[in-house]
Amino acid sequence: MTVFISRSLSAQSPLAAWAEAGGHNLLAHSLIDFRPVPFSPPGQADWWFFYSSRAVEFALLQGIPAVKLAAMGPGTAKTLQKLAGRVDFVGAGKPEEVAEAFGERARGQQVFFPRARQSRKTVQTLLDDQIRVLDDICYNNIAVPQQTPILAEVYIFTSPLNVSAYVDHQALTAGAGVIAIGPSTAAALTDRGVNCLVAASPDEEAVVSVLRALP
């Protein structure tokens, strides 16, 4: 079958390995344009918290801060480990659970959130009364409307903005399966009347588990 995922994949991608082993056709590319935005890191902070791997990549262009580093989920943590050589907190990816766990670690401290312009700011909003939030935009993420239909039996959407870029401009293949990574992506699909399965965690291993369970 043909599977589309709205992100580019690494050479070590578990999803790519699954597709190759099963003889499936995998289409993988983002529907978002990412560009760095000049920002001013805070002079003092106890933590830097990253919502995404892109935030890590763009924020660390100015150097690795001598503070504790936190990641929203395992994928972001991998990028932090690769680029900064360490990570001091790794969330499970679900905003409410991450906020509760991180709040216990950072209560009363100053936390800087370098983020996308389109970020929902979920964790910092949930923790606004428990930490001192420092905030700035380090990159811009713009939906690039899909100009032609992508013909697939399964669509995997990785963010609400990718949902907007495709579903608001093209039709999904009739009868196709749809998988969402993350509750906000699932909500974006549901708001558009699209039924979807939700990966148990925000990583490719969880997506492969859903794919293997499909009839």
Side-chain angles (χ1 to χ4, degrees), residues 4-16 27-42 45 47-65 67-95 98-99 102 111-126 133-146 156-166 179-188 199 201-207:
F4 167 74
I5 182 169
S6 62
R7 71 162 56 142
S8 57
L9 302 177
S10 70
Q12 295 77 36
S13 162
L15 181 58
L27 309 174
H29 64 87
S30 176
L31 303 175
I32 302 174
D33 180 44
F34 300 95
R35 297 185 182 182
V37 172
F39 74 101
S40 300
W47 291 84
W48 281 26
F49 184 103
F50 299 92
Y51 285 111
S52 67
S53 292
R54 295 284 182 179
V56 175
E57 293 167 2
F58 290 123
L60 295 190
L61 289 174
Q62 299 195 30
I64 301 170
V67 300
K68 295 177 184 177
L69 305 176
M72 180 75 172
T76 303
K78 287 181 181 179
T79 304
L80 257 181
Q81 188 66 47
K82 177 182 177 181
L83 298 182
R86 59 190 172 86
V87 56
D88 301 291
F89 170 87
V90 182
K94 295 181 179 179
V98 174
F102 184 63
V111 182
F112 176 52
F113 293 83
R115 61 174 178 82
R117 188 179 302 277
Q118 303 287 349
S119 171
R120 293 173 178 247
K121 303 189 287 185
T122 49
V123 171
Q124 63 200 79
T125 299
L126 289 167
V133 173
L134 308 173
D135 173 88
D136 205 353
I137 297 165
C138 68
Y139 74 100
N140 204 5
N141 48 346
I142 303 170
V144 179
Q146 180 67 23
I156 304 166
F157 290 102
T158 55
S159 73
L161 208 54
N162 275 293
V163 171
S164 173
Y166 190 84
I179 299 172
I181 296 181
S184 59
T185 305
S201 56
D203 52 57
E204 289 183 35
E205 289 85 354
V207 171

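Since we're looking at a predicted model, the values are computed, not measured. Throughout, residue positions are numbered sequentially from 1 according to the sequence presented.
Listed here is the closest heavy atom pair of Ala59 and Pro114: CB-CB, 3.8 Å. When all heavy atoms of Arg115 and Asp135 are compared, the pair lying nearest together is NE-OD1, 2.6 Å. Between Val98 and Ala92, the shortest heavy-atom contact is CG2-N, 3.6 Å. Here the closest heavy-atom approach between residue Ser53 and residue Gly75 is recorded as OG-O, 3.4 Å. Residues Pro202 and Ile181 come closest through the heavy atom pair CA-CG2, 3.7 Å. Residues Leu9 and Glu204 approach most closely at CD2-OE2, 3.4 Å, considering heavy atoms.
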Where do Ile32 and Gln118 land on the side chain to side chain contact (heavy atoms under 4.5 Å, CB included) test, with the steps shown first? CA-CA 11 Å; Ile32 302 174; Gln118 303 287 349; over 6 Å; no
Determine, stepwise, if the pair Val163 / Thr185 fulfils side chain to side chain contact (heavy atoms under 4.5 Å, CB included). CA-CA 7 Å; Val163 171; Thr185 305; 3.8 Å; yes
As a quick check of understanding, evaluate side chain to side chain contact (heavy atoms under 4.5 Å, CB included) for Phe58 and Val37, giving each step before the final call. CA-CA 8 Å; Phe58 290 123; Val37 172; over 6 Å; no
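Ring planes of Trp48 and Phe112: perpendicular class, angle over 60° (limits at 30 and 60°). Using bins of under 30°, 30° to 60° and over 60° for the plane-to-plane angle, the ring pair Trp47/Phe102 lands in the perpendicular bin.
Distance CG/Leu134 to CZ/Phe49: 14.0 Å, rounded to 0.5 Å. To the nearest 0.5 angstrom, Phe157 atom CZ is 13.0 Å from Arg7 atom CZ. Note that CZ of Phe4 is 4.5 Å distant from NE2 of His29, once rounded to the nearest 0.5 Å. Taking CD1 of Ile179 as the start and CD1 of Ile156 as the end, the distance is 4.5 Å to the nearest 0.5 Å. The OG atom of Ser184 lies 12.0 Å from the NZ atom of Lys94; values are rounded to the nearest 0.5 Å. Interatomic distance, CE of Met72 versus CG of Leu80, reported as 13.5 Å (0.5 Å rounding).
Side-chain contact check for Ser159 versus Ser6: every heavy-atom pair is 4.5 Å or farther apart. Here the side chains of Arg86 and Ile64 are in contact, with some heavy-atom distance below 4.5 Å.
At least one test fails for Arg54 against the ring of Tyr139: distance under 6.0 Å to the centre or angle within 45° of the axis.
Side-chain atoms of Asp33 do not come within 3.5 Å of backbone N or O of Ile142 as any donor-acceptor pair. In this structure, Gln62 contributes its side chain and Phe39 its backbone to a donor-acceptor pair below 3.5 Å. Checked by atom type and distance alone, the side chain of Asp88 pairs as donor or acceptor with a backbone atom of Leu69 at under 3.5 Å.
For the residue pair Asn140 and Arg35, no side-chain donor N or O sits within less than 3.5 Å of a side-chain acceptor on the partner. Side-chain N/O atoms of Glu57 and Thr79 include no donor and acceptor closer than 3.5 Å.
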